[in-house]
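In what follows, every chain begins at residue 1, and chains take the letters A, B, ... in the order their sequences are listed. Everything numeric in this text was worked out from a predicted model, so none of it was measured. The basis for the numbers below is simple: all heavy atoms, side chains too, and nothing from hydrogens, waters or symmetry mates.
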Number of protein chains: 2
Amino acid sequence: MSLAFDRHDHAACRRDALAAAEAVCAERGERLTPLRRRTLEILLESHVALGAYDVLARLAAEGFGSQPPVAYRALHFLVERGLAHRVEGLQAFVACARPGAGPHEAAFVVCRLCRRVAEEPAGAPPPRPDGFAVERRVVEAQGLCAACRDGAGEAP
Amino acid sequence: MSLAFDRHDHAACRRDALAAAEAVCAERGERLTPLRRRTLEILLESHVALGAYDVLARLAAEGFGSQPPVAYRALHFLVERGLAHRVEGLQAFVACARPGAGPHEAAFVVCRLCRRVAEEPAGAPPPRPDGFAVERRVVEAQGLCAACRDGAGEAP
DNA sequence: ACGCACTTGTTATATCGTAACGGTCACGCT
DNA sequence: AGCGTGACCGTTACGATATAACAAGTGCGT
Ligand SMILES: [Zn+2]
Ligand SMILES: [Zn+2]
Ligand SMILES: [Zn+2]
Ligand SMILES: [Zn+2]
């Protein structure tokens with residue numbers, strides 16, 4: 001079952017993710033400030049990946065700063081703590097769908113049309129190093145979700 | 001053995017890749033024009049990933065056009081035919097290290113310092129939700145190569 | 001010669017991301 | 001109270017990556 005493309009209790013997604021965020025920050029003595037919390041809430045509205053400038057526009061409309069670093073800083077904060085992920089293939093950000101795991105890697109299934117992103121537990125450890133120190137993995141499958149193949153670009 | 005990080009006969013890399021490019025184009029009735037060929041040769045100078053603007057600067061210095069579409073079009077041509085790959089994690093391009101395979105997917109091991117890229121055969125297909133039509137996979141491992149861990153940023 | 005597909009070039013603009021600096025506020029210390 | 005200090009947030013300014021739209025040249029079959 002992949003949250004992004006199946007019916008599910010999304011209110012629970014939001015609730016759990018926010019609770020996990022509070023927990024992660026508390027545990028590490030860091031602050032989930034209003035800006036950071038609101039940024040996470042915006043990402044959590046759906047499983048659709050948002051560009052940094054989309055997030056920024058939302059933040060600015062709510063009285064936060066209107067310049068790029070405002071959004072990027074909050075997004076980086078979330079990404080570093082595993083509360084959100086950057087989807088390289090879209091140059092966009094999604095809320096983490098498996099909160100409470102601490103910083104972690106994951107594989108993503110990404111619809112290039114509706115930009116919904118399903119997060120799967122990171123697959124098999126990809127390529128073999130050889131004296132190579134792997135720091136980060138990017139595993140993404142891009143394509144069309146069932147809804148976008150049928151109805152051509154459903155609302156997420 | 002991964003070409004990018006081990007000693008090897010790189011002249012053979014270049015030679016084979018160019019021969020493969022000729023073959024692929026001939027077979028498909030397409031033209032490996034001077035611009036496209038030179039673009040491939042530039043990528044083939046090493047296993048280092050180059051940004052589109054790096055390639056563009058090289059092309060411009062040799063009398064080709066100096067505007068971004070010149071480089072992007074040639075790069076897209078090569079990527080679509082599997083003669084080069086885009087490394088998402090770097091937003092950059094490398095020549096394909098396994099020419100003669102036709103268009104294909106691959107996994108990459110990428111040094112974030114020297115930007116060398118080793119191409120491995122694509123790993124196991126990642127999991128996907130029901131009804132999802134995968135069109136493209138991105139599998140990359142980023143980190144530091146042996147040389148960059150020791151000597152801090154060797155020349156590629 | 002003519003039409004046509006393709007290639008290359010241009011201008012202009014969109015999109016994504018960061019460096020650098022200043023202001024504010026909370027907190028701990030003297 | 002007065003004073004660092006550090007985290008956070010805001011700004012300006014810029015850099016890097018990518019595409020849209022259009023014009024002009026090339027090669028080729030008819
Ligand atoms: Zn959900
Ligand atoms: Zn979709
Ligand atoms: Zn080589
Ligand atoms: Zn390296």
**Student:** Is A/Glu41 paired with A/Arg58 through a side-chain N to carboxylate O contact shorter than 4.0 Å?
**Tutor:**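 Result for this pair is no, no salt bridge flagged.
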**Student:** For the pair made of CD in B/Gln91 and C1' in D/dT19, what is the distance, rounded to whole Å?
**Tutor:** 14 Å
**Student:** Using a strict 4.0 Å threshold on nitrogen-to-oxygen distance, state whether B/Arg14 and B/Glu45 make a salt bridge.
**Tutor:**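 So B/Arg14 does not pair with B/Glu45 through a salt bridge.
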**Student:** Take the protein atom CG of B/Asp54 and the nucleotide atom P of D/dG15, then report the distance between them rounded to whole Å.
**Tutor:** 16 Å
**Student:** Determine whether a donor-acceptor pair (N or O, by modelled atom type, separation under 3.5 Å) exists between the side chain of B/Asp150 and the backbone of B/Ala147.
**Tutor:**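 No; zero donor-acceptor contacts below 3.5 Å.
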**Student:** Taking the six-membered ring for Trp, is the centroid-to-centroid distance between A/His85 and A/Phe108 below 6.0 Å?
**Tutor:**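 For A/His85 and A/Phe108, the ring centres are under 6.0 Å apart.
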**Student:** Is A/Arg37 salt-bridged to A/Glu22, cutoff N-O under 4.0 Å?
**Tutor:**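 So A/Arg37 pairs with A/Glu22 through a salt bridge.
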**Student:** Can you tell me the distance, in whole Å, between the CZ atom of A/Arg37 and the C1' atom of D/dC8?
**Tutor:**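 Going from CZ in A/Arg37 over to C1' in D/dC8 covers 18 Å.
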**Student:** Take atom CG of B/Leu35 and atom P of D/dT26, then tell me their distance rounded to the nearest Å.
**Tutor:** 15 Å
**Student:** Hey, does the side chain of B/Arg31 come within less than 4.0 Å of C/dT7's phosphate (OP1/OP2), counting only N and O?
**Tutor:**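 Checking B/Arg31 against C/dT7: no side-chain N or O falls below 4.0 Å of OP1 or OP2.
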**Student:** Would you mind reading off the distance between B/Phe93 atom CZ and D/dA18 atom P, rounded to a whole angstrom?
**Tutor:** 5 Å
**Student:** OP1, OP2 of C/dT8 versus side-chain N and O of B/Thr33: anything below 4.0 Å?
**Tutor:**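 So the side chain of B/Thr33 is within the cut-off, an N or O lying under 4.0 Å from OP1 or OP2 of C/dT8.
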**Student:** Under a 4.0 Å heavy-atom cut-off, which of residues 61-85 of chain A touch DNA chain D?
**Tutor:**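 Here the set is A/Phe64, A/Gly65, A/Ser66, A/Gln67, A/Pro69, A/Val70, A/Arg73.
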**Student:** Rounding to a whole Å, what distance do you find between B/Glu88:CD and C/dC16:P?
**Tutor:**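 Spelled out: CD on B/Glu88 to P on C/dC16 is 14 Å.
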**Student:** In whole angstrom, give the distance that lies between atom CG of A/Leu90 and atom C1' of C/dG17.
**Tutor:**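 It works out to 17 Å between those atoms.
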**Student:** Using only atom types and a distance under 3.5 Å, with no angle test, would you say the side chain of A/His8 pairs donor to acceptor with the backbone of A/Asp6?
**Tutor:** yes
**Student:** Indicate yes or no: does A/Glu62 engage A/Arg38 in a salt bridge with an N to O separation below 4.0 Å.
**Tutor:**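 A/Arg38 and A/Glu62: salt-bridged.
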**Student:** Rounded to whole angstroms, how far apart are CD on B/Glu30 and P on C/dT7?
**Tutor:** 8 Å
**Student:** Between D/dA18 and B/Tyr53, counting only base atoms on the nucleotide and side-chain atoms on the residue, is there a donor-acceptor pair under 3.5 Å?
**Tutor:** yes
**Student:** Does D/dA18 have OP1 or OP2 sitting under 4.0 Å from an N or O in the side chain of B/Arg86?
**Tutor:**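 So the side chain of B/Arg86 is within the cut-off, an N or O lying under 4.0 Å from OP1 or OP2 of D/dA18.
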